[in-house]
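Structure record follows, encoded as structure tokens.
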Amino acid sequence: MLQERPKPDPATFIGGGKVLALAAACAEADIDVVICDSELTPAQVRQLEDRLTGTVIDRTQLILDIFARRARTREGKWQVELAQLKYLLPRLVGSGAALSRLGGGIGTRGPGETKLETDRRRIRLRIKTIQREIDQVRQRRTQLRERRQKQSVPIVALVGYTNAGKTTLFNRLTREQAVASDALFVTLDPLLRRVRLPDRRELLISDTVGFIDRLPHALIAAFRATLEEVGEADLALHVIDAANPDRDQQIGAVRRVLEEVGAAEVQVLDVYNKADALTVDERRRIGDRDPTAALVSARTGEGVDELIQMVVSRVALDTRRVTISFDGGDNFDRQQITRLYRVARVISHVAADGRIIIEADVPRRYIERLTTPVPTGVATDAM
Ligand SMILES: Nc1nc2c(ncn2[C@@H]2O[C@H](COP(=O)(O)OP(=O)(O)OP(=O)(O)O)[C@@H](O)[C@H]2O)c(=O)[nH]1
Ligand SMILES: [Mg+2]
């Protein structure tokens, strides 16, 4: 049901007449849950529930509910619970009614029935505990990130609107079976996998939670850690559901959210997905409009090889060609050679007089870690 009003009714959000119409419609179709696509005040929820038979939830609570179902890792679960408690806290004021709404069924998940008796003080305590836990997980994650950066493996993050096909593409690229299904927000926690490119270099690819328009602010804060990963990526693949009628609006929403979480600086490659669901005409239009974008089908695998090539060249932009001489009899040098093959694109490899001379395109941030690299074309003596 839609209603156009200059401003929401403070008591019932929609107008009084509309409430009656809604109540009648609910009774007729035997509706259990009414979901409002805006945020409601606790008073509005109570008013509406008095007049309608059934549960009333708002947009934020629905998103929290979906998040709660999808959270898999410890941090994901904590973050969801934190967001739920913060959402709940102001709604507890002077009333047990807000809490008693947490029965069973959709829209009522949350801290749950076991916490029905908890008062605000206990909720605050719980919030503190969770925040401490999250801080610890974050510290651990920072350490992991630092280790990753030391390894100098480029990171590619998949971002995009919910249901765009990020996880399906992630599976294609990494051949892993993360959960992909036609439900919203299937991925809540960042997933990270190592991928070996055709030229034997390695990349880390991360899958992320889907973006939605008008992400409630409480959730932005709660999921900042998840989205922070994107800000540190070398490249973000913006996966777009090319077959969705709301495609352009979704593209705009994702770009806005990326800015909101401070990831606006990351270079982005647009990936139009679900090519298999497009007509020839639609494909051409996308190509005309956005010639630098990739057009793929994560489902059939079409265009994925080209996408990998595009990723390789985007990530390779930040490399320098160097020639390095190694001692073939030295253990450390031999380890370095193995490393080099993993992170760089090797152009030539020559063994002579116990030395190994390798010419390669090396990621800039890896260069200083190599022993005496010499830019190609510069004589060794000049260094
Ligand atoms: N026709 C078609 N469907 C696809 C393609 N890629 C993904 N899908 C379907 O789109 C739905 C969503 O795919 P997911 O990979 O779970 O999407 P996601 O972006 O990870 O979604 P969230 O994790 O919820 O943000 C699933 O039903 C997929 O099978 C594709 O190339 N073509
Ligand atoms: Mg997903």
Side-chain angles (χ1 to χ4, degrees), residues 59 62-73 75-77 79-80 156-193 195 205-216 219-220 222-223 225-227 229-230 233 236-258 260-261 263 268-280 282-283 286-287 293-308 310-311:
R59 182 185 162 77
L62 175 66
I63 293 169
L64 281 170
D65 188 71
I66 296 169
F67 279 180
R69 288 172 187 223
R70 302 300 188 204
R72 281 171 293 100
T73 66
E75 184 182 7
K77 286 178 177 151
Q79 283 178 331
V80 171
V156 176
L158 293 171
V159 298
Y161 212 81
T162 182
N163 215 47
K166 296 177 296 298
T167 301
T168 311
L169 186 60
F170 179 80
N171 289 343
R172 262 276 160 212
L173 295 171
T174 65
R175 294 179 183 84
E176 289 281 344
Q177 288 305 308
V179 191
S181 75
D182 208 349
L184 303 179
F185 307 109
V186 172
T187 309
L188 188 69
D189 306 292
L191 286 161
L192 200 68
R193 296 263 187 283
V195 174
I205 300 206
S206 72
D207 187 14
T208 61
V209 63
F211 294 115
I212 45 158
D213 206 1
R214 296 184 287 137
L215 187 69
L219 296 192
I220 291 183
F223 289 90
T226 305
L227 302 173
E229 299 263 331
V230 180
L237 300 184
H238 177 181
V239 183
I240 297 158
D241 181 349
N244 194 299
D246 293 330
R247 185 185 72 201
D248 292 336
Q249 189 218 324
Q250 295 184 345
I251 292 174
V254 170
R255 292 190 178 145
R256 268 197 306 282
V257 174
L258 282 178
E260 273 175 14
V261 300
V268 176
L269 173 60
D270 286 339
V271 180
Y272 287 84
N273 186 34
K274 310 200 185 180
D276 58 289
L278 297 178
T279 64
V280 178
E282 286 167 329
R283 285 161 179 250
I286 288 171
L295 182 61
V296 306
S297 167
R299 180 172 284 177
T300 67
E302 178 197 337
V304 171
D305 286 344
E306 289 90 329
L307 172 64
I308 292 173
M310 290 168 95
V311 169

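Order of appearance sets the numbers: ligands from 1, and atoms from 1 within every ligand.
With a heavy-atom cut-off of 4.0 Å, Asp207 does not touch ligand 1 at all. Of all the heavy atoms of Asp276, the ones lying under 4.0 Å from any atom of ligand 1 belong exclusively to the side chain.
Between Arg283 and Glu302 there is a salt bridge, since a side-chain N of the basic residue sits under 4.0 Å from a carboxylate O of the acidic one.
If you check the side chains of Thr300 and Asp276, you find no donor sitting under 3.5 Å from an acceptor.
Taking any N or O of Ala298, backbone or side chain, at least one lies under 3.5 Å from an N or O belonging to ligand 1. For the pair Val296 and ligand 1, the shortest N or O to N or O distance does not fall below 3.5 Å. Below 3.5 Å of separation, one finds no N or O of Thr300 facing any N or O of ligand 1. Residue Lys274 places at least one N or O, backbone or side chain, under 3.5 Å from an N or O of ligand 1. The shortest N or O to N or O distance between Ala277 and ligand 1 is not below 3.5 Å.
Close contacts between ligand 1 and Gly210 involve ligand atoms 25 (O) [criterion: under 4.0 Å to a heavy atom]. Every atom of ligand 1 is numbered from 1 in the order shown, and the set under 4.0 Å from a heavy atom of Lys166 is 15 (O), 17 (O), 18 (P), 19 (O), 20 (O), 21 (O), 22 (P), 25 (O).
For Arg193 (side chain) and Ser206 (main-chain N/O), no donor-acceptor pair under 3.5 Å exists by modelled atom type. Between the Asp246 side chain and the Gln249 main chain, no donor and acceptor come within less than 3.5 Å of each other.
For Arg299, there are no salt bridge (charged side-chain N to carboxylate O under 4.0 Å, His left out) partners two or more places apart in sequence or in a different chain. Residues meeting the salt bridge (charged side-chain N to carboxylate O under 4.0 Å, His left out) test with Glu306, sequence neighbours left out: none.
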With side chain to side chain contact (heavy atoms under 4.5 Å, CB included) as the test, would you mind laying out the steps for Val311 and Ile205 before giving the verdict? CA-CA 11 Å; Val311 169; Ile205 300 206; over 6 Å; no

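None of the N, O or S atoms belonging to Thr162 lies under 2.8 Å away from the Mg ion (ligand 2).
Distances from ligand 1 to the non-hydrogen atoms of Ala164 include at least one value under 4.0 Å.
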